[in-house]
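The block underneath contains the structure these notes are about, expressed in structure tokens.
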Amino acid sequence: MKDTGWVALSEFLRNPGAVGSAFPASMKMVDHLLGPLDWSKIALLIEYGPGSGRFTFEILRRMCPDARLMAIETGAEFARSLRSDCDDHRLIVVEGSAAQVNHHLGRHGLGQADFVVTGLPFSTLGPAEGDAIMRETALALKPSGQLAAYQMRTAIRPLIERHFSDLRDAYEWWNIPPCHLYWASGPNRNA
Ligand SMILES: C[S@@+](CC[C@H](N)C(=O)[O-])C[C@H]1O[C@@H](n2cnc3c(N)ncnc32)[C@H](O)[C@@H]1O
């Protein structure tokens with residue numbers, strides 16, 4: 001596992017609202033969120049807000065050899081350090097916002113995704129931006145596509161309920177701070 005702590009702390013101090021936490025995700029939480037995914041069915045996964053890459057490296061470790069991972073990150077330093085730390089040809093690091101996910105997919109010649117994993121701090125994004133990101137997410141996913149999210153607060157829940165038909169949740173204590181976990185399926189393209 002890469003030591004991703006320093007970049008997470010320094011970027012949090014620079015922009016606490018967008019980053020959300022000074023600590024990278026714990027491996028316990030990474031395992032809990034990614035454990036239920038059926039990797040044999042994932043050809044394209046999108047990660048929003050990879051930050052220092054705690055989920056990114058573990059997603060790459062679990063993904064099929066011919067699958068792709070697009071990681072979309074607004075933080076220039078996070079994006080730069082992820083590119084320099086990882087030479088896996090399956091990873092595409094995009095410096096930009098999850099709100100433009102369909103634009104980023106088109107620019108890289110990619111179609112709809114099988115999975116989105118997000119740790120964006122929806123509680124500080126504001127309801128309009130959060131809703132716009134969730135609407136774009138439902139459009140970016142195949143009808144069989146799914147979403148997995150880890151969140152300190154529950155602001156994301158009504159957004160998932162509006163844009164997905166099925167939702168399952170759990171709680172992970174072994175993380176600083178502890179997090180709500182969500183898995184959603186049935187993206188609604190008309191919400
Ligand atoms: C909670 S942190 C992710 C932590 C990461 N999983 C780790 O363990 O290091 C949230 C990340 O989302 C990024 N972010 C915030 N708003 C974003 C947006 N609209 N699009 C893409 N990334 C965004 C932040 O820069 C930050 O890296």
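When a ligand or atom number is given, it counts from 1 through the structure's own listing order.
In terms of polar-atom proximity, defined here as any N/O pair under 3.5 Å, Tyr48 makes no such contact with ligand 1. Looking at Phe55 next to ligand 1, no N or O pair under 3.5 Å apart turns up.
Interface atoms of ligand 1 facing Arg54, defined by a heavy-atom separation under 4.0 Å, are 8 (O). The ligand atoms of ligand 1 that sit less than 4.0 angstrom from a heavy atom of Gly96 are 20 (N), 21 (C).
Closest to atom 5 (C) of ligand 1 by heavy atom, among Cys179, Ser26, Pro50, is Pro50. In this comparison of Thr74, Thr124, Thr118, the heavy atom closest to atom 16 (N) of ligand 1 sits on Thr74.
Distance alone, capped at 3.5 Å, places no donor-acceptor pair between the Arg68 side chain and the Ile92 backbone.
Between Arg62 and Glu58, at least one side-chain nitrogen of the basic residue sits less than 4.0 Å from a carboxylate oxygen of the acidic one, meeting the salt-bridge criterion.
Residues Trp39 and Ile46 are members of separate hydrophobic clusters, defined by side-chain heavy-atom contacts under 4.5 angstrom among Ile, Leu, Val, Met, Phe, Trp and Tyr.
No heavy atom of Ala99 sits closer than 4.0 Å to any atom of ligand 1. Using a 4.0 Å heavy-atom cutoff, Tyr150 is listed among the residues neighbouring ligand 1. Put simply, part of Phe78 is less than 4.0 Å from ligand 1, judged by heavy atoms.
With 3.5 Å as the limit, one finds a donor-acceptor pair spanning the side chains of Glu47 and Thr56.
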